[in-house]
Amino acid sequence: AEAAENHDEL
Amino acid sequence: MNVFRLTGDIAHLLAIILLLMKIWKTRSCAGVSGKSQMMFALVFTTRYLDLITNFISLYNTTMKMIFIASSYGTLYLMFLKFRATYDSNHDTFRMEFLVVPVAGLSFLVNHDFSPLEILWTFSIYLESVAILPQLFMISKTGEAETITSHYLFALGSYRALYILNWVYRFYFEGFFDLIAVVAGCVQTVLYCDFFYLYITKVWKGKKLTLPA
């Protein structure tokens with residue numbers, strides 16, 4: 001997984 | 001979005017509403033750890049800074065705003081409006097024992113060494129242990145009001161449901177966030193003892209009391 005993913009979870 | 005995540009989010013929202021209702025209806029925050037609530041407010045604040053930088057969905061933005069607002073609302077009720085009912089004698093867990101190591105770890109183990117990402121990581125780690133002062137308080141007093149135990153059950157269920165969500169996302173979306181998964185598992189494990197007591201006592205109509 002790439003770094004600093006798009007944090008779409010709460 | 002999958003069913004596990006949606007029900008997890010709903011459980012989380014329900015937990016927060018239950019706690020606010022308990023405090024509001026009984027005009028008292030007795031038995032509630034102000035330290036856990038302070039840490040939850042810190043968790044939401046440090047995690048949802050991306051509200052400013054990154055739009056994901058209307059659902060995401062709305063929920064984040066509700067979580068931030070309700071966490072500060074809870075603090076307002078506990079430390080200002082119903083301050084006299086705050087049971088600080090039993091809320092003796094030392095927050096620095098959690099916040100300091102968690103801050104250190106978030107600098108060392110993160111996806112990216114950038115301010116927002118470190119704060120996100122900090123919030124994930126802190127959330128995993130933020131309930132400890134509350135559980136410690138219950139172990140000190142040996143009991144919890146039934147509404148407080150419902151709150152804790154909803155709050156614990158939320159992360160357990162998120163684990164199912166991560167399993168689902170791993171298989172069907174190839175998504176895997178090691179930091180969130182490990183911290184989420186730790187968080188869920190911390191509730192296991194409580195879950196056992198809740199199911200064996202509260203589901204049978206009894207008050208949650210600890211074995212002597």
Side-chain angles (χ1 to χ4, degrees), chain A, chain B residues 1-2 4-6 8-13 16 43-44 46-51 53-57 59-68 110-121 123-124 127 158-159 161-163 165-166 169-170 173-181 183-184:
Chain A
E2 73 261 37
E5 308 213 29
N6 184 6
H7 301 301
D8 64 326
E9 294 181 343
L10 294 169
Chain B
M1 181 62 76
N2 57 64
F4 304 114
R5 207 179 122 195
L6 185 62
D9 287 345
I10 291 168
H12 198 181
L13 193 60
I16 291 167
V43 162
F44 291 137
T46 52
R47 186 175 311 167
Y48 299 156
L49 290 171
D50 68 348
L51 270 173
T53 60
N54 187 15
F55 179 80
I56 291 162
S57 65
Y59 170 83
N60 191 279
T61 301
T62 311
M63 292 293 263
K64 283 174 174 173
M65 293 199 307
I66 292 173
F67 287 156
I68 291 177
N110 52 53
H111 292 307
D112 182 32
F113 201 79
S114 65
L116 270 186
E117 192 59 24
I118 291 170
L119 285 168
W120 177 86
T121 311
S123 85
I124 292 288
E127 184 190 340
Y158 136 69
R159 227 39 176 172
L161 287 161
Y162 255 70
I163 294 176
N165 154 61
W166 291 320
R169 291 191 75 179
F170 178 74
E173 298 171 20
F175 171 90
F176 181 67
D177 185 332
L178 186 64
I179 288 177
V181 170

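Keep in mind that this is a model prediction, so the values were computed, not measured. Both backbone and side-chain heavy atoms feed into the values below; hydrogens, waters and symmetry mates do not. Below, chain A is the first sequence line, B the second, and so on; all start at residue 1.
- In this structure, a donor-acceptor pair under 3.5 Å is absent between the side chains of B:N60 and A:E9.
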Take A:H7 and B:L116 through the test side chain to side chain contact (heavy atoms under 4.5 Å, CB included) and record every step on the way to the result. CA-CA 11 Å; A:H7 301 301; B:L116 270 186; over 6 Å; no

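- Scanning for ring pair (Phe, Tyr, Trp, His ring centres under 6.0 Å) contacts around B:Y48 gives B:F44, with sequence neighbours left out.
- Between A:L10 atom CG and B:K64 atom NZ the span is 6.5 Å, to the nearest 0.5 Å.
- With a 4.5 angstrom heavy-atom cutoff, B:N165 touches chain A only via side-chain atoms.
- Among all heavy-atom pairs drawn from B:I56 and A:D8, the shortest one is CD1-CA, 3.6 Å.
- Qualifying ring pair (Phe, Tyr, Trp, His ring centres under 6.0 Å) partners for B:Y59, counting only residues two or more places apart in sequence or in other chains: none.
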